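Working notes, structure below.
In this text the structure is predicted, and so the values were computed from the model without any measurement.
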Amino acid sequence: MPFLSLIIAAAGQGKRLGCGDNKVFLPLAGKAMLAYSLAVACSSPLVDEIIIVTRPEDIPRCWQVAARDGGDKVRAIVAGGVERQDSIAAALQAVAPAAEWVAVHDGARPFLTVELLERVIMAARTTGAAIVALPVKETLKQGGAAGLVTATLDRRGLWSVQTPQVFRHEWLVEAYREAAAKGWQATDDATLVERMGYPVKLVPGEETNIKITTPGDLVLAGAILGGAS
């Protein structure tokens, strides 16, 4: 089986949530948010190691969550940087040299499923890279400086990106190296890989694979957990 390392990005400050803490430690039904995706990753035989990247001051708490929910797959917990891109770059330094594949997942997406994780991993093996995404359903408007609509965009072919995202190890390392050299900035890893000219496969995601960002997302998370009970 090809060796896969999964990076969990867990350095969120929770500013838009107004929680005054790293949001991955917020309790959801009695468990830290981080524990949910961590448990899923640990249960998949396609994942060989897990690297968590977080704020330096949160490393001990991440180890506590890992001790309860991470089994023996959590190999390292590393300090992240100012931006998400800096954090993933730091985590890549801790990936085992034997890793052929690297997956990246947001710790603030607690409702990852084993089926979705393994589906995107298998898709990546056919193309070299794959990401989870949902087709855009809403009508999209472009706004101007005065807050007036300047255009209605064609949503056909547009996708809203989620995680996990899975890449050949060497592709992701190369993309991050080039980004550092040229000052590229991106809000997801696939953007950097795309800039290198590599193909990225779109894999249909799941509606429940939400990212907890605002108080409204917490309400939705409670509904998802209630529906699963």
Side-chain angles (χ1 to χ4, degrees), residues 2 4-12 14 17 22-54 62 65-66 68-77 80 84 87-88 91 95 99 101-125 129-135 159-167 172 187-190 200-214 216-229:
L4 182 138
S5 177
L6 186 142
I7 295 171
I8 297 180
L17 274 175
N22 188 333
K23 60 186 176 183
V24 301
F25 299 113
L26 286 177
L28 296 177
K31 292 170 55 178
M33 187 187 303
L34 174 62
Y36 287 86
S37 54
L38 184 58
V40 167
C42 288
S43 68
S44 172
L46 301 185
V47 175
D48 296 283
E49 72 169 7
I50 298 169
I51 311 294
I52 301 173
V53 58
T54 190
C62 279
V65 175
R68 290 192 300 265
D69 300 283
D72 60 355
K73 286 190 178 182
V74 178
R75 299 282 194 264
I77 300 177
R84 182 186 185 278
S87 295
I88 302 304
V95 169
W101 299 90
V102 176
V104 182
H105 183 63
D106 297 321
R109 291 187 188 272
F111 303 119
L112 174 66
T113 64
V114 173
E115 192 277 335
L116 181 59
L117 173 61
E118 296 188 346
R119 184 149 45 89
V120 70
I121 290 172
M122 297 307 293
R125 290 182 183 175
I131 62 174
V132 174
L134 291 172
W159 294 67
S160 178
V161 175
Q162 303 178 336
T163 64
Q165 300 187 352
V166 185
F167 312 93
L172 192 57
T187 55
D188 81 328
D189 306 287
V200 178
K201 175 73 173 177
L202 288 163
V203 175
E206 295 174 354
E207 296 282 355
T208 53
N209 186 29
I210 63 170
K211 187 175 184 180
I212 308 296
T213 304
T214 67
D217 297 327
L218 285 176
V219 175
L220 182 54
I224 293 170
L225 286 168
S229 62

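- In this structure, R125 and W101 have side chains that are in contact, with non-hydrogen atoms separated by less than 4.5 Å.
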Output, in order, the C-alpha distance, side-chain angles, deciding distance and verdict of side chain to side chain contact (heavy atoms under 4.5 Å, CB included) for L28 and L218.
CA-CA 9 Å; L28 296 177; L218 285 176; 4.1 Å; yes

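- Considering CD1 of I210 and CG of L112, their distance stands at 13.0 Å, rounded to 0.5 Å.
- A donor-acceptor pair under 3.5 Å is formed between the side chain of N22 and the backbone N or O of V24.
- With hydrogens and angles disregarded, a donor-acceptor distance shorter than 3.5 Å links the side chain of T54 to the backbone of A10.
- Considering CG of L202 and CD1 of I131, their distance stands at 5.0 Å, rounded to 0.5 Å.
- Listed here is the closest heavy atom pair of K73 and C42: NZ-O, 3.1 Å.
- Residue pairs meeting the salt bridge (Lys or Arg N to Asp or Glu O under 4.0 Å) criterion with at least one partner in residues 30-51, sequence neighbours excluded, are absent.
- Rounding to the nearest 0.5 angstrom, the gap separating the CG atom in L172 from the CD atom in Q165 is 9.5 Å.
- Remark: R84 engages D189 in a salt bridge, criterion side-chain N to carboxylate O under 4.0 Å.
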Apply the test side chain to side chain contact (heavy atoms under 4.5 Å, CB included) to residues I7 and I88: give CA-CA distance (whole Å), side-chain angles for both, the deciding distance (0.1 Å), then the verdict.
CA-CA 8 Å; I7 295 171; I88 302 304; 4.0 Å; yes

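- To the nearest 0.5 Å, atom CD1 of residue I224 and atom CD of residue E207 are 10.0 Å apart.
- Scanning both residues, V53 and S87, for their nearest heavy atoms gives CG2-O, 3.4 Å.
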CA sep, side-chain torsions, deciding dist, call: V161, T187, side chain to side chain contact (heavy atoms under 4.5 Å, CB included)
CA-CA 10 Å; V161 175; T187 55; over 6 Å; no

Give the C-alpha distance, both sets of side-chain angles, the deciding distance and a yes or no for side chain to side chain contact (heavy atoms under 4.5 Å, CB included) between V166 and L4.
CA-CA 9 Å; V166 185; L4 182 138; 4.1 Å; yes

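- Judged purely by atom type and a 3.5 angstrom limit, E118 has no side-chain atom pairing as donor or acceptor with the backbone of L46.
- K211 contributes no side-chain N or O that, together with a main-chain N or O of T163, makes up a donor-acceptor pair within less than 3.5 Å.
- S43 OG to L117 CG: the interatomic distance, rounded to the nearest 0.5 Å, is 8.0 Å.
- Residues A221 and I212 approach most closely at CB-CD1, 3.8 Å, considering heavy atoms.
- Taking both residues in full, the closest heavy atoms of A29 and Y36 are given as CB-OH, 3.6 Å, listed atom of the first, atom of the second, then distance.
- The line from CZ of F111 to CG of L220 is 7.5 Å long, rounded to the nearest 0.5 Å.
- Side chain of S44 to backbone of A41: no donor-acceptor contact under 3.5 angstrom is found.
- Minimum heavy-atom separation, A190 to V200: CB-CG1, 4.4 Å.
- The shortest non-hydrogen separation linking R119 to P204 is NH1-O, 2.8 Å.
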